[in-house]
Amino acid sequence: MASAGSEQAKKPYCVISADCHVLEPPDLWERRVAPKFRHRLPRMELDDRGRKTLIVEGQRPTRIRDFSLEGDDLERAKSGSWEASKRHADLDRDGIDAEVVYPNRGLLMWASPDSEHQTEMCRVWNDWAIEVFPPSQKRSLPVAAIAPQHVETAVTEVERVARLGYRVVFLPVQVPDQPYNLPLYEPLWAAIQDAGLPISFHVGTGKDPRTATGNGGAILNYVWHALSTAIEPVTQMCVSGILQRFPQLRFATVEAGIGWLAWTLWVMDEGYQKHHFWVAPKLEMLPSEYFRRQGYATFQDDPIGLETRQWIGAENLMWGDDYPHHEGTWPRSEEVIARTMGELSDAERRQVLGGTAAKLYGFELPDEGRV
Ligand code: MN
């Protein structure tokens, strides 16, 4: 799987980053999208005062500010290649054996409120990502993007991506005005379960993540967004009966951290018991038990969340470096792991750093001495 460099040979575990990104070719969608969507793609335009503005269908226009980066920030901005040699060199440098690969600009695939537009954006990504990360290479596992709004179309695409060799489907965390607890999604859950593919809900998808502006806007968006968008799919999957009706379905929140998760599991159970007279459907198990059976969550640098792991289940947690994004840990992952995981047992570190991701996503780990 990984190149066995001298440093890697010394590592005690296989390390799988459950959250990485690739910078797509700048003209990927322009070249491949159906002509009727070409003029509707996310793009940069100059406003009437000559300022650069990002135009995304379904989102408010956002000014693009020029700023200069240095050091690690600059390196991150230049990384994320789809070329195997460059990408593998970056993984090697940070001690990463394998990775799950999400889009970068493609995080906007669900921005348009037009379901047909979303479907076309996803199709282009799905065709491309499996070309550059084919199943024959074992190190980078791309996710297949699914536009869920029109369920029948989504089911067809789930079946197609399974045939292409994908092993994960990526759904937006929110579908505006059509939440995941609606019964209309049942055929989609059935198709995903039948295909044996885990679901990823990666933050920043399905709704404009930049809702706050002005003073403090960057941090307001960062904190609110991770928290609100992760709680939504976790609670919808656990309390609506989806996981009870589809017991083989598995899902993960990605890049939302885990500091909020123990409380969320607790309060779902508390609400289920104290509001029992309002609760429908009745469940065979407590909501938190469905999460422990079928749910997962990734984090990067979250010592608070790791302190609460006994309330969640260490086997439900997966570390990711979010390469090459600025909120990630690359190229300092080993330092972050050492700083945040000192209290974890050896067995817990093996699970969190790669063992759970290997099982969930089907990575082959030939070096049995390590995991
Ligand atoms: Mn990410």
Side-chain angles (χ1 to χ4, degrees), residues 15-24 42 72-73 75-82 87 90-91 94 96 98-111 121-122 125 129 132-133 139-146 166-174 198-210 218-219 221-234 251-261 295-302 305 317-333 336-337 340 352-354 356-357 360-361 363:
V15 176
I16 298 174
S17 169
D19 175 22
C20 289
H21 295 265
V22 61
L23 271 63
E24 309 88 344
D72 286 355
D73 291 329
E75 278 205 79
R76 290 187 191 107
K78 291 177 164 177
S79 303
S81 175
W82 69 89
R87 200 164 176 92
D90 283 351
L91 296 180
D94 211 27
I96 310 297
E99 58 169 353
V100 183
V101 184
Y102 290 84
N104 185 60
R105 278 196 308 143
L107 294 169
L108 295 170
M109 286 184 282
W110 300 270
M121 297 284 282
C122 291
W125 161 267
V132 293
F133 303 112
R139 197 167 186 186
S140 300
L141 181 73
V143 300
I146 303 296
Y166 278 100
R167 304 209 303 270
V168 194
V169 289
F170 175 13
L171 296 178
V173 287
Q174 289 162 318
I199 300 167
S200 283
F201 295 106
H202 187 290
V203 296
T205 50
K207 180 180 144 196
D208 190 345
R210 293 153 301 181
I219 310 304
N221 287 327
Y222 184 64
V223 177
W224 292 352
H225 189 60
L227 188 61
S228 64
T229 62
I231 282 184
E232 203 165 308
V234 165
F251 77 98
T253 64
V254 180
E255 207 192 307
I258 51 173
W260 51 275
L261 184 53
Y296 300 85
T298 85
F299 67 96
Q300 300 103 262
D301 184 346
D302 191 344
L317 305 177
M318 299 187 289
W319 176 81
D321 63 1
D322 199 31
Y323 165 84
H325 288 167
H326 295 284
E327 59 274 22
T329 59
W330 187 88
R332 309 278 171 200
S333 295
V336 173
I337 289 166
T340 59
V352 165
L353 287 172
T356 299
L360 183 63
Y361 300 121
F363 282 99

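As the structure lists them, so they are numbered: ligands from 1, and atoms in each ligand from 1.
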Task: Salt bridge present between D90 and R87 (N-O < 4.0 angstrom) - done: no
Open item on the list: What's the separation between atom CG in D19 and atom CZ in F299, rounded to the nearest 0.5 Å?
Closed with: 11.5 Å
Task: Identity of the N, O or S atom of D19 lying closest to the Mn ion (ligand 1) - done: OD1
Task: Of all N/O/S atoms in D322, the name of the one nearest the Mn ion (ligand 1) - done: OD1
Task: Atom nearest to the Mn ion (ligand 1) - H202, N, O or S atoms considered - done: NE2
Task: The single option from L353, I16, L91 passing side-chain contact (heavy atoms from CB on, under 4.5 Å) against I96 - done: L91
- [ ] Please find the N/O/S atom of E255 nearest to the Mn ion (ligand 1) and write down its name.
- [x] OE1
Task: Donor on one side chain, acceptor on other, T329 and D301, under 3.5 Å - done: no
Task: Backbone or side-chain N/O/S of H21 under 2.8 Å of the Mn ion (ligand 1) - done: yes
TODO: Answer yes or no: is there a donor N or O on one side and an acceptor on the other, between the side chain of E232 and the main chain of V173, under 3.5 Å?
DONE: no
